[in-house]
Protein chains: 2
Amino acid sequence: MKKQATCNTSTQCKKRILAIKDAMEILSGKWKFHILGTLLLNEKMRFMDLLREVEGIAPKMLSKELQDMEMNRLITRSVINTKPITVEYSLTEAGRTVEPLVNELATWGEAYRNELYS
Amino acid sequence: MKKQATCNTSTQCKKRILAIKDAMEILSGKWKFHILGTLLLNEKMRFMDLLREVEGIAPKMLSKELQDMEMNRLITRSVINTKPITVEYSLTEAGRTVEPLVNELATWGEAYRNELYS
DNA sequence: ACACATAGTTACCAAAAGGTAATCAGTTTC
DNA sequence: GAAACTGATTACCTTTTGGTAACTATGTGT
């Protein structure tokens, strides 16, 4: 009786593992948290605004990530019929729920960094 | 004055972006959260235990991820001089600080999934 | 006519991530 | 002495990710 089944048997634990996998699939990649973080601060942003604010991202990547997150219903894309056509991106209600997660990530990252230089 | 500099100018915001980048670098990949989550539940685990508990991982990946996290001081590796040599892995103090993050990730993933089927 | 801004798309390429399968070296059990 | 368990490592390959650069199409200002 050395082997204590800590996880694989428990339904709760399987749900947890699945939840983590889900979250990572949707939020993975180099840019999503940065885009979401920027949109959390700004509410409505145009493509070029994001391109400027999210430092280092290329239009291709921005476009792809926005499409990705639109499909996952984290953000909304709305075309505004202005003189030069503009497109506004903003978080959905679901998108805004990432806020605590982004905060936790930032907090952890900062704490980790501080710990190194202590 | 249309362009409101929301982020790039603020020192606080740059720190935040850096923190997120740091965290993602250290915790990225398919397996780290699963390994950390398992170690959060078990305290001390041997290589083969992890191989069995972290479903689907190959020894190569487990080995690599453990080395990675050991270098980043999230886990400790200690060789125990038993009959067949055993190696114990456990979280460091720094490693245990990921707990809220793992929880937040799991919570978000579950909420997201529930929202889809509502 | 020319430059510039809008919002992207496309082709091409390099690097990283991750999977499979085999192997290794030591020890213990049969 | 053969098989099995310990904790890995290695070679090889495929997929995914992400970057660069160029290009499209529309419209505005000069």
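Taking atom CG on B/Leu66 and atom P on C/dG18, their separation rounds to 14 Å, with Å as the unit. Atom CE of B/Met61 is separated from atom P of D/dT9 by 12 Å (rounded to the nearest Å). At whole-Å resolution of the value, CD in A/Glu70 and C1' in C/dA7 are 14 Å apart. Spacing between atom CG of A/Leu51 and atom C1' of C/dA5 amounts to 12 Å, rounded to whole angstrom units. At whole-Å resolution of the value, CD in A/Glu65 and P in D/dT16 are 15 Å apart. For the pair B/Leu62 CG and C/dG18 P, the computed distance is 13 Å after rounding to whole Å. At whole-Å resolution of the value, CD in A/Glu25 and P in C/dG18 are 13 Å apart. One interatomic measurement links the two molecules: CE of A/Met24 to C1' of D/dT16, which rounds to 15 Å at whole-angstrom precision.
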Discussion item. B/Glu110 vs A/Lys15, test: salt bridge (charged side-chain N to carboxylate O under 4.0 Å, His left out). Steps then yes/no.
Written reply: CA-CA 8 Å; B/Glu110 207 183 319; A/Lys15 232 170 112 180; 3.6 Å; yes
Item to complete: Apply salt bridge (charged side-chain N to carboxylate O under 4.0 Å, His left out) to A/Arg77 and A/Glu70, showing your working.
Response: CA-CA 7 Å; A/Arg77 177 183 185 272; A/Glu70 198 195 349; 5.1 Å; no
Item to complete: May I have the step-by-step check of salt bridge (charged side-chain N to carboxylate O under 4.0 Å, His left out) for A/Lys32 and A/Asp68, ending in yes or no?
Response: CA-CA 9 Å; A/Lys32 295 208 187 72; A/Asp68 241 56; 3.7 Å; yes
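Listed nucleotides: C/dA7, D/dG18, C/dG19. Nearest to the side chain of A/Arg77: C/dA7. With D/dT20, C/dT6, D/dT6 as the choices, the nucleotide that has an atom nearest any side-chain atom of B/Pro84 turns out to be D/dT6. Nearest to the side-chain atoms of A/Pro59 among the listed nucleotides C/dT9, D/dG18, D/dT20 stands C/dT9. Counting only heavy atoms from C-beta on, B/Tyr89 has its side chain closest to D/dA8 among C/dA7, D/dC12, D/dA8. Listed nucleotides D/dG7, C/dG19, D/dG19 differ in distance to B/Trp31; the shortest reach to its side chain belongs to C/dG19. Nearest to the side-chain atoms of A/Thr86 among the listed nucleotides C/dA7, D/dA8, D/dT20 stands C/dA7. Closest to the side chain of A/Lys60, from the set C/dA7, C/dC12, D/dT6, is C/dC12. Of the candidate nucleotides C/dT6, D/dG7, C/dG18, C/dT6 has the atom nearest to the side chain of A/Met48.
Heavy atoms of A/Glu88 sit nowhere under 4.0 angstrom from any nucleic acid atom.
There is a path of hydrophobic side-chain contacts, each under 4.5 Å, that joins A/Val79 to A/Met48.
Considering only side-chain N and O atoms, B/Gln67 lies under 4.0 angstrom from the phosphate OP1 or OP2 of D/dT9. For A/Ser63, no side-chain nitrogen or oxygen approaches OP1 or OP2 of C/dG8 to under 4.0 Å. Side-chain nitrogen and oxygen atoms of B/Arg52 include none within less than 4.0 Å of the OP1 or OP2 phosphate oxygen of D/dC5.
Minimum interatomic distance between A/Leu51 and A/Ala58 (heavy atoms only, all atoms of both residues): CD1-C, 3.9 Å.
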